[in-house]
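One structure is given below, encoded as structure tokens.
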Amino acid sequence: MPRLLLIEDDPAVREGLSIALRHQGHQVDTASTGRQGLELARAGQPDAVVLDLMLPDLDGFEVCRRLRAAVNVSIIMLTARGDDFDVVAGLEAGADDYVVKPVQPRVLDARIRAVLRRIGRAPSAVETHRELVIDRTGLIVTKAGRPLALTPTELRLLLVLAESPQQVFARDQLLRLVWEQDYLGDSRLVDACVQRLRAKIEDDPSAPVYLQTVRGFGYRFGPV
């Protein structure tokens, strides 16, 4: 049973979503403030966090950044507007996905399960790409012998790209392969995840060796 942490300050929304998600087969802990959510996340190690952006103490962006630094967990943010600022800022803070409120519980359940499935289809193999070593069995990535702390979405993106070196993947292909759903052309999910992944695996993210941009087409995995 997946264990979720729902951080939402609106009592009616918090209660309604928690009841609905329990009916969908999840174990749900709830928090009404960002600080309470951070404490529960550190203590309970949830599988995924559903995070509202509008919180009374710390805003959702700051909570997302602190979660990323403290625990390895998938994060789905809830935004009331879904405008560019909210979405881009949330993804840059480390969110794996976003859902615009009001959200149907079945839709949220599907997005949560897609996030939790992303690292579950890796074939058995250990690959070496210069200093980068990918263990697809143990789902471990090291660089120069040092383990890298990748989120489930970052790891899934790397696994997909590294499986076919030099193949160019369009953003909509990566949305289907990594996020497992059609997002109506919302390439910001891909771009933000690539940016975060580059910061972890590249010596110089501004001149990437492993995650290369093919301008006008998408991304491919090097090195050449």
Side-chain angles (χ1 to χ4, degrees), residues 47-48 64-65 68-69 72-77 84 87-98 110-224:
D47 298 302
C64 188
R65 283 189 286 268
R68 271 288 162 257
N72 186 15
V73 66
S74 297
I75 301 172
I76 299 174
M77 64 179 188
D84 284 350
V87 172
V88 172
L91 294 173
E92 290 179 347
D96 295 287
D97 199 354
Y98 73 93
R111 302 286 270 267
I112 292 168
R113 293 185 185 277
V115 165
L116 295 177
R117 283 197 305 267
R118 284 173 195 166
I119 62 172
R121 294 195 302 237
S124 175
V126 176
E127 305 167 8
T128 300
H129 308 274
R130 296 188 182 179
E131 293 184 318
L132 196 68
V133 177
I134 303 171
D135 180 349
R136 290 179 178 268
T137 301
L139 298 177
I140 298 170
V141 179
T142 61
K143 184 179 180 185
R146 179 175 60 88
L148 302 180
L150 304 183
T151 70
T153 305
E154 292 164 358
L155 177 57
R156 181 64 186 155
L157 177 62
L158 180 60
L159 292 175
V160 167
L161 288 170
E163 193 171 13
S164 302
Q166 302 309 313
Q167 177 179 333
V168 178
F169 289 86
R171 289 171 174 83
D172 59 349
Q173 287 180 284
L174 292 172
L175 285 171
R176 291 193 296 271
L177 292 169
V178 178
W179 281 262
E180 299 185 349
Q181 295 187 43
D182 290 327
Y183 281 80
L184 301 178
D186 191 350
S187 62
R188 293 171 296 189
L189 288 166
V190 178
D191 295 336
C193 192
V194 167
Q195 183 180 13
R196 296 199 308 264
L197 186 54
R198 280 176 174 163
K200 296 179 180 182
I201 70 173
E202 302 284 0
D203 291 332
D204 181 1
S206 65
V209 172
Y210 297 104
L211 296 185
Q212 302 169 359
T213 300
V214 181
R215 195 169 301 277
F217 292 93
Y219 298 102
R220 69 181 172 199
F221 182 81
V224 296

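None of these values were measured; they are calculated from a predicted model.
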Verify side-chain contact (heavy atoms from CB on, under 4.5 Å) between L91 and V87, making sure each step is shown before the conclusion. CA-CA 6 Å; L91 294 173; V87 172; 3.9 Å; yes
Assess whether side-chain contact (heavy atoms from CB on, under 4.5 Å) is satisfied between E163 and I134, documenting all intermediate values. CA-CA 10 Å; E163 193 171 13; I134 303 171; over 6 Å; no
Search all heavy atoms of G218 against all heavy atoms of V168 and return the closest pair with its distance. N-CG1, 4.4 Å
Any donor-acceptor pair under 3.5 Å linking the side chain of E202 with the backbone of V209? yes
Please determine whether side-chain contact (heavy atoms from CB on, under 4.5 Å) holds for the pair V178 and F169, giving the CA-CA distance in whole Å, both sets of side-chain angles, and the decisive distance to 0.1 Å. CA-CA 11 Å; V178 178; F169 289 86; over 6 Å; no
Tightest non-hydrogen contact, residues C64 and G90, listed as SG-O, 4.3 Å
Decide yes or no for L158 and F221: does some side-chain heavy atom of the first lie under 4.5 Å from some side-chain heavy atom of the second? yes
What one should report as the nearest heavy-atom pair of P147 and T142 is CA-CG2, 3.8 Å
Would you name the heavy atoms of R136 and L159 that are closest together and state the gap between them? NH2-O, 2.7 Å
To the nearest 0.5 Å, what is the distance between CG (L189) and OG1 (T153)? 9.0 Å
Ignoring hydrogens and geometry, is there a side-chain-to-backbone donor-acceptor pair from W179 to D96 under 3.5 Å? yes
What distance do L139 atom CG and R156 atom CZ have between them, rounded to the nearest 0.5 Å? 10.0 Å
Just to verify, what does E131 make a side chain to side chain contact (heavy atoms under 4.5 Å, CB included) with, not counting sequence neighbours? K143, A144, D203, Y210
Taking R68 for the side chain and A93 for the main chain, is one N or O donor matched with an acceptor at less than 3.5 Å? no
Backbone of E92 reached by a side-chain donor or acceptor of Q195 within 3.5 Å: no
With the threshold set at 4.0 Å, does a side-chain nitrogen-carboxylate oxygen contact exist between D47 and R113? no
Any donor-acceptor pair under 3.5 Å linking the side chain of Q212 with the backbone of Y219? no
Can you tell me how far apart CG (L211) and CD1 (I201) are? Round to the nearest 0.5 Å. 4.0 Å
Sidechain-backbone polar pair: R220 side chain, V214 backbone, donor-acceptor under 3.5 Å: no
Is any side-chain heavy atom of P152 less than 4.5 Å from a side-chain heavy atom of N72? yes
Please check: side-chain N/O of R171 versus main-chain N/O of D191, any donor-acceptor pairing under 3.5 Å? no
Quick one, Y98 with I76, criterion side-chain contact (heavy atoms from CB on, under 4.5 Å). Give me CA distance, side-chain angles, the key distance, then yes/no. CA-CA 5 Å; Y98 73 93; I76 299 174; 5.8 Å; no
Check for a donor-acceptor pair, side chain of R196 on one end and backbone N or O of L150 on the other, with a separation under 3.5 Å. no
Checking T151 side chain against E154 main chain: does a donor-acceptor pair fall under 3.5 Å? yes
How close do A149 and K200 get, heavy atom to heavy atom, and via which atoms? O-NZ, 2.8 Å
